[in-house]
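For reference, the structure is listed below as structure tokens.
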Number of protein chains: 2
Amino acid sequence: MQLSRRADYGIRLLLELSMLPEGSRTSTEEIANKQRIPITFLSKIARQLAQAGLVRAYPGLGGGLELGRDPRSLTMLDAIQALEGPIAIARCTLHPHECPRSAFCPMHQVWKKMEAQMVDELSRITFDQLAQAETRAIAG
Amino acid sequence: MQLSRRADYGIRLLLELSMLPEGSRTSTEEIANKQRIPITFLSKIARQLAQAGLVRAYPGLGGGLELGRDPRSLTMLDAIQALEGPIAIARCTLHPHECPRSAFCPMHQVWKKMEAQMVDELSRITFDQLAQAETRAIAG
DNA sequence: CGAAACCCCGACTATTATACTCCGAAATGC
DNA sequence: GCATTTCGGAGTATAATAGTCGGGGTTTCG
């Protein structure tokens, strides 16, 4: 029941990009150094986020990464779904047909409800908010 | 972000016990057969639940398992904590001192809030409720 | 007493998921 | 053409999960 490092790193990458001045870029390496993340791993994660459209990547000299979407509408839910796939506490909510108990299992609804709550909560949190909170926390 | 099989099996074991008529017992093997769970694994899980006090185990002929607590006050939270440890989405909420970002990291609060919601939700769900729901679902 | 039906315990193994690493290739800008 | 940067995929290492095994102990019953 824990977030993977992949997700942790990916979120930190997105947060770094969100804190960048509008229109500017950084390289994967810079973020890796700043956040103490193995660069080869982070670059793989960056690619994954690029494929999901959350990040735009430019190869070549002067290239780098920038946010692929407006940080005011980019949510934690988007990030986690791109990095870890759908929010699913139990296998049975994703693949109900694979569980012989699904017809009458009372846990099914429990998980469903919790997942819905998580989705709801995560979708309220934007990277713009996070970036501002972090900026304030560092400044203050 | 998924519940382990261990937790899944353990919950099913507790649910089986909760559906038993007051004061009666079953063996680990019966539950394993009914729920299609490898018996050696389930017996290990049963021990764990016994050590946590959620289950009482009696060796010997006519022995077996019974619930260690009143199903009306035994919650899903108790079960998951006994089976998987504390609810912690991110490492940093459990061990904030290990994270150099903890002082200013805006995600910390996000995770804390979500964890609190999960704890709250899970602690509302008792095995008595679940057992009744399943009984109804099978009967109906 | 002895057998059968139970659980206890720890060590061991297998499998899978995670967390990386590596390297050649392609794009870009000077 | 060279430095910088991402791309893509294959490969490896480590750790967590899932499960097995064998010996030992209790309890009940005949």
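Below, read A as the first sequence line, B as the second, and so on, with proteins coming before strands; counting in each chain starts at 1.
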Residues two or more places apart in sequence or in another chain: which of them pass side chain to side chain contact (heavy atoms under 4.5 Å, CB included) with Gln51(B)?
none
Could you tell me whether a side-chain N or O of Glu115(B) sits under 3.5 Å from a main-chain N or O of Ile89(B), the two making a donor and an acceptor?
yes
I need the residues from residues 19-33 of chain A with at least one non-hydrogen atom less than 4.0 Å from DNA chain C; give them sorted by number, or say none.
none
Which residues, if any, of residues 34-52 of chain A bring a heavy atom under 4.0 Å of DNA chain C?
Pro38(A), Thr40(A), Phe41(A), Lys44(A)
Are Thr75(A) and Asp78(A) close enough that a side-chain donor and a side-chain acceptor fall under 3.5 Å?
yes
Run the numbers on Gln48(A) and Arg6(A) for side-chain hydrogen bond (donor to acceptor under 3.5 Å, both in side chains), then give the verdict.
CA-CA 10 Å; Gln48(A) 188 178 352; Arg6(A) 165 178 230 95; 2.7 Å; yes
Specify the residues of residues 83-93 of chain A, ordered by number, for which at least one heavy atom lies under 4.0 angstrom from an atom of DNA chain C.
none
Sequence-distant partners of Tyr58(B), ring pair (Phe, Tyr, Trp, His ring centres under 6.0 Å), two or more places apart:
none
Side chain to side chain contact (heavy atoms under 4.5 Å, CB included) involving Pro96(B) - partner list, sequence neighbours excluded
Ser102(B), His108(B)
Just by protein heavy atoms under 4.0 Å, how would nucleotides 23-30 of chain D read 5' to 3' in B, S and -?
--BBBBS-
Specify the separation, in whole Å, of atom CD of Glu66(A) and atom C1' of dT28(C).
15 Å
Taking OP1 and OP2 of dA19(C), is either one under 4.0 Å from a side-chain nitrogen or oxygen of Tyr9(A)?
no
Roughly, in whole Å, what's the span from CG in Leu65(A) to C1' in dT4(D)?
13 Å
Side-chain heavy-atom pair Ile11(B), Met76(B) within 4.5 angstrom cut-off
yes
Using whole Å, what does the distance between atom P of nucleotide dT17(D) and atom CE of Met1(A) come to?
12 Å
Residue set satisfying side chain to side chain contact (heavy atoms under 4.5 Å, CB included) with Lys113(B), at least two apart, ordered chain then number -> Glu121(A), Gln117(B)
Give every residue pair that meets the salt bridge (charged side-chain N to carboxylate O under 4.0 Å, His left out) criterion with at least one member in residues 47-66 of chain A, sequence neighbours excluded.
Arg25(A)-Glu66(A), Arg56(A)-Glu66(A)
Taking only residues two or more places apart in sequence, or in another chain, which ones meet Phe41(A) in a ring pair (Phe, Tyr, Trp, His ring centres under 6.0 Å)?
Tyr9(A)
In whole angstrom, what separates Gln2(B)'s CD from dA17(C)'s P?
10 Å
Holding to side chain to side chain donor-acceptor pair (under 3.5 Å), I want the full list of residues that pass it with Ser4(B), two or more places apart in sequence or in another chain.
Glu84(B)
For Thr26(B) and Glu16(B), which I'm curious about, is there any donor-acceptor pair between the side chains at under 3.5 Å?
no
dT5(D) C1' sits how many Å from Tyr58(A) OH, rounded?
14 Å
Rounded to whole Å, CZ of Arg56(B) lies from C1' of dC8(C) at a distance of 18 Å
Side chain to side chain donor-acceptor pair (under 3.5 Å) involving Asn33(A) - partner list, sequence neighbours excluded:
none
Over how many whole Å does the gap from Arg6(A) atom CZ to dT21(C) atom C1' extend?
14 Å
